[in-house]
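Notes for the one structure printed next.
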Amino acid sequence: MSFPSSFHYENEADFIRRLIVPVLQRLGFDAVTNYHGTREHGKDLVFGETDRFGHHIYHALQAKYVPSISQKEAFSLIDDAKQAFMMTFQHPTSGVEERISKFYVVNGGSISDNARDLFFQALRPQFGANVRLIDGNEMVALERHASLVIEAGSKFLTQVLRELTDNRASMIQFMESFRSNEPIPEMMLRDDCSTEFLKNPCFEREVDPGKITDYSNSIRRIRDKKSLAGHPFVSQDSRQSIYLEIGDLTNTLLMLGEDIDACIRKALIAAGPLLDP
Amino acid sequence: MSQTTTAIPAFDHLPEVNALGAAALQRLSDEWLRDPLAKRHGVKQITIKEDRGRTLIGDVAFEVLDDPSSDSLEPYTLHFPVDDLVLYIIERGVADPEVRLRLKQIVRARRERSGEAYQRSKSVAPRRLFIRCKNPQCLRIFETQYTAFPGRKLEGTFEPFACPACGTTNPVLPDDFFPLDCPEEKPVDLKGASGENEKWFSIVIPWRANVFSQIAPLVGRINDAEFEGYSVETVLFLGPQGSSSMPLGRLYFARRDQSFNKVFREETGTWEEVRHLATKKTLYELADFSVLAALKIEPLANEGAEAER
């Protein structure tokens, strides 16, 4: 076997950067740190997660991008695994010396049966099930799974984006009618998509839920003020002052909307599948 | 070949047949495949399986005997005459004539009471076939006029096709055609700010790596040049629909006769452009949709490629 047909990476570093790192991030691992090419001690990547007990644990990954890993090459992977467990690594942000709990070997191509047997026979007595081998086909399956996880989120973000652009058009229309003393058009501001987003936030690193909350709240305040302005007991002067307040709120909302719009587009660019079908 | 999706508990009410065991039932089922009735319905393979003491018909594989034109998308109904198989097994597998008679009566009674117990049908539809340019720098996918039932391939010789995108001439073999799944077109609820009289349409694109980096900057924008035959500013890109479980996705658009940046002024009875005075921005920002046009899967206009059937 060779590489899966959807793999077109230049080398190991490219494979790590364009596939392994994004897949790990999509699967929810944090603190993904690339040690490839430095004093790695068997670790190309170190990544972490919080286990069910609330403890933070780290894993190391040694990547290969060869058509097949033979029995001979398995010896060096065994050394990598032993080194990875033995040597500590420095946490990139806290600087604390940490140790790994699990060691993964990921190859873009296949892993021969002999290499698998040798690898596990040599390491299982000492490390139990904390050593794992992942071949190219398994990596494709992981990418599909990881993409499905973020697909629902990206669908949501697209809907929020559409809501933002429609609201923006409504607000500009409102502002220009108000400025030129023309009849105030019906301002159809929606916040159903942004409210839905807040119920189940995603891409929180790129899209700040706090900003979406502000956006949604501002829309409600504009709606309330519009409703007040339409009340028959409100005097003409008061109505004018309410419309001025609406104008101020709309201006702020336009800027906030553009800010969120830019964040969402940035987040969406990183979404979608990592491999061709 | 097409297969049934659920197991058929055909022997549940026939203890003597069930008692024959999976191996004997498999042998008798294989014999039945040579029966003219099995051949007439295109039944090619039956797999008997055992599940906690029950013997079931696991999978049934059919050959689609219908030979529609190579561009038909009409579904075809597969029919599996379970009762005939069961009667065949009773006739040849059960030695005692009295037991045979009793079992046949059970089958007839159940068939009369509930035809579904012994008749299974499944509808299969041909799938549209696509072809890919073999130039590694291009690899664009094109929709062909051909269709095929699942598991069935085109046969014959085909003229080479010139890729409309890169101009490479591609030799074509029957194995080069492949079916692709595409998300069903969903009606779009147009409740935007741009008013009434909007219509929507969609185009099909390959759902490939980094597709979002190409389309995300264009969501919520309108066309700055003619797009899909519609004039400038009259097409609004609503967003994509796709999944990494499918190789194709869809892009949805709203369109209307007037520019999306114009609003109807009742006093003058005209459509007028509206701009935000402070920023000079229009209602919707303009964008270059040529990226989306380039993604679109085009039908391959190659009349020369003919399948010999």
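In what follows, every chain begins at residue 1, and chains take the letters A, B, ... in the order their sequences are listed. Heavy-atom basis, side chains included; hydrogens, waters and symmetry copies ignored.
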Ring centers of A:Phe7, A:Phe15 separated by less than 6.0 Å: yes
B:Glu285 portion near chain A, given a 4.5 angstrom heavy-atom threshold: both
Region of B:Leu218 in contact with chain A, defined by heavy-atom distances below 4.5 Å: backbone
Top contributor to chain A interface from B:Ser213, B:Gly239, B:Gly249 [non-hydrogen pairs under 4.5 Å]: B:Ser213
B:Arg275, part contacting chain A, at a heavy-atom distance under 4.5 Å: backbone
Part of B:Val219 lying under 4.5 Å from any heavy atom of chain A: both
Aromatic plane relationship, B:Phe253 with B:Phe227 - under 30° parallel, 30 to 60° tilted, over 60° perpendicular: tilted
For chain A, the option from B:Leu180, B:Leu283, B:Val263, B:Thr282 that forms the most heavy-atom pairs under 4.5 Å: B:Leu283
Aromatic plane relationship, B:Phe289 with B:Phe237 - under 30° parallel, 30 to 60° tilted, over 60° perpendicular: perpendicular
Aromatic ring proximity B:Tyr230/B:Phe201, centre distance under 6.0 Å: yes
Pairs of heavy atoms under 4.5 Å with chain B: top-ranked of A:Glu151, A:Gln159, A:Glu163, A:Met171: A:Glu151
Aromatic plane relationship, B:Phe177 with B:Tyr146 - under 30° parallel, 30 to 60° tilted, over 60° perpendicular: perpendicular
A:Leu148 portion near chain B, given a 4.5 angstrom heavy-atom threshold: both
Mutual orientation of the aromatic rings belonging to B:Phe260 and B:Tyr284 [parallel < 30°, tilted 30-60°, perpendicular > 60°]: perpendicular
Stepwise salt bridge (Lys or Arg N to Asp or Glu O under 4.0 Å) test for A:Glu245 and A:Arg221: CA-CA 10 Å; A:Glu245 284 177 45; A:Arg221 273 161 57 203; over 6 Å; no
Side chain, backbone, both or neither of A:Leu157 within contact of chain B (heavy atoms, under 4.5 Å): neither
